[in-house]
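Within every chain, numbering begins at 1; the chains are lettered A, B, ... in the order of the sequence lines, protein sequences first and strands thereafter.
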Amino acid sequence: MTPFSYHKPASLDEAVSLAGPSSRFIAGGTNLVDLMKENVERPEHLIDITGLALKAIEETPEGGVMIGALVSNADLAWHPLVEARYPLLAQAILAGASPQLRNMASTGGNLLQRTRCYYFYDTGTPCNKREPGSGCPARQGLNRMHAILGASDDCVATHPSDMCVALAALAAVVHVHGPAGARQIPFADFHRLPGDTPQRDNQLAQDELITGIELPAEPFAAHCRYIKVRDRASYAFALVSVAAALQIEKGVIREARLALGGVAHKPWRDPAVEALLQGKPASTELFTHAADALLQAAKPLAQNGFKVSLARNAIIRALSEACAADNSLGEMQ
Amino acid sequence: MTATPDQGALQRPLQMTINGEHKTLTVHPWTTLLDLLREQLDLAGTKKGCDHGQCGACTVLRDGKRINACLTLAVMCEGAELVTIEGLADGDRLHPMQQAFITQDAFQCGYCTPGQICSAVGLANEGRAHNRDDIRELMSGNLCRCGAYSNIVAAVEEALPLIKGARP
């Protein structure tokens, strides 16, 4: 690692005042320290935010839940409020990383983890995300793990998070704090597509800090399912993952949420496809129709064409199992 | 390019408890907990496998929770209570998880074993493993290249009832 100075601010404002182009915030460090070892990240100043009071999980006056940015992934997945009201989120978190990493990784940091594209990690190769303008070897190279939706000529990387796929489906709200004060970002707007600026993963400004994630009070607990397909049974990044959440009344879908992981630069949601599911009786035909509609725009690369059929099958299965689910956590993937 | 910082001036004081012993230390901010243990404190039982949080050989217990020491900056452990493989036994009496690994012959080369055992003690503290499938899933952060997995699962299963709710 390149030498850096270490700071541990005692307040949010102090933390934000220390931010700058050569600084990085650190909480769990599970991704940042790794990137620093690989020389992908070389901050001159590290700002340890673990002393800030952002560690609570609390009910909001509106009946939702507010998750402090420093809550660990493990504590979040196993919190009684999350297990009872947002089992989709618990399923997604427990499908990701390892128990050790989940004990370390923070909720806010999970949103900010970088792609696991091999070329992004390998400083011996070009990468537009790491070094804007240098090129994208993945487009013509090893791209089995890469995006099939929303990619650009400059970048075909995917967002690696499982948690974020569930947060997208649950329409979470990201609370951030910066020099100008606090603001809220709807989850769908938080991460961005690569376009010609793939170096920017999200809408967060350099001097802004995530303080919490708010889950709205929506009744998706009874019918939800997170399915993750990967190269081994556990502890691997998703080839494709699907978060499906439904509100069903007498066999008719009242509200539908569908988010995909492992297929794009951000958790992929298509409001038109969700609208297509709403107001219709749940059936395999309907789910198949939704899957085909969502994947219509898919543009697979040389090595990841299999992701299109994998995603299609995973969507149909996730929606079917969400439909059939009861109020329990269900079998973990 | 920026000037090379004065590395000595960047050192930080650090106080933590390691295996029950209070330590007052000085560390560079970029020293990982793993390197602190192995290089500065001669606690070489914690192993460096991949050094990237992928193999679990460096697993230790911080405040009773299992973590990867290789991805942990030592400077961020101020005030922590750390337990490594060297701190699990009570004198000459092995921790039940250590004893179970011997009874079940849960290793071959032994390199991953300290991490496996610390991880399994963390698993016991969590109280979420109720059957062999749970154990397999919740031990997936520890790789064993010898492939002793079936005996590792048996060892964890044997020790679990003996240490449930216990915190080392």
Check: Is N103(A) reaching over with its side chain to a backbone N or O of R66(B), donor-acceptor style, under 3.5 angstrom?
Finding: yes
Which atoms of [X] approach chain A - backbone, side chain, both or neither, heavy atom under 4.5 Å:
| X | result |
| --- | --- |
| R12(B) | side chain |
| H28(B) | neither |
| T32(B) | side chain |
| Q11(B) | neither |
| D51(B) | both |

Is there side-chain contact between [X] and [Y], with at least one heavy-atom pair below 4.5 Å?
| X | Y | result |
| --- | --- | --- |
| T72(B) | T30(A) | no |
| H52(B) | E38(A) | yes |
| D48(A) | E78(B) | no |
| C70(B) | K37(A) | yes |
| L71(B) | Q100(A) | no |

Could you state the interatomic distance from [atom1] ([X]) to [atom2] ([Y]), rounded to the nearest 0.5 Å?
| X | Y | atom1 | atom2 | result |
| --- | --- | --- | --- | --- |
| L138(B) | S98(A) | CG | OG | 10.5 Å |
| L10(B) | E44(A) | CG | CD | 11.0 Å |
| M76(B) | Y6(A) | CE | OH | 5.5 Å |
| I26(A) | L73(B) | CD1 | CG | 4.5 Å |

What part of [X] gets closer than 4.5 Å to chain B, counting heavy atoms only: side chain, backbone, both or neither?
| X | value |
| --- | --- |
| A27(A) | backbone |
| S5(A) | both |
| L46(A) | side chain |

Check: Counting only heavy atoms not in Q40(B), do more than 12 sit closer than 6.0 Å to its CD atom?
Finding: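 Count over threshold, so yes.
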Item checked: Greater than 12 external heavy atoms within 6.0 Å of R93(B)'s CZ ->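 Atom CZ in R93(B) is not crowded, with 12 or fewer foreign heavy atoms closer than 6.0 Å.
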Notebook entry, point to check: If you measure from the Lys or Arg side-chain nitrogens to the Asp or Glu carboxylate oxygens, is any gap between E83(A) and R128(B) under 4.0 Å?
Noted result: yes
Item checked: Residue among R102(A), M104(A), K8(A) with most heavy-atom pairs under 4.5 Å to chain B ->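 Going by pairs under 4.5 Å, I would pick M104(A).
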Checklist line | Which atom of A233(A) lies closest to which atom of E137(B), heavy atoms considered | finding: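 Looking at all heavy atoms of both residues, the closest pair is O-OE1, 4.4 Å.
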Note to self: Evaluate W30(B) against M36(A) for side-chain contact (heavy atoms from CB on, under 4.5 Å), listing each step before the verdict.
What the structure shows: CA-CA 9 Å; W30(B) 51 89; M36(A) 287 163 66; over 6 Å; no
Check: Who wins among S119(B), G53(B), S140(B) for the most heavy-atom pairs under 4.5 Å with chain A?
Finding: S140(B)
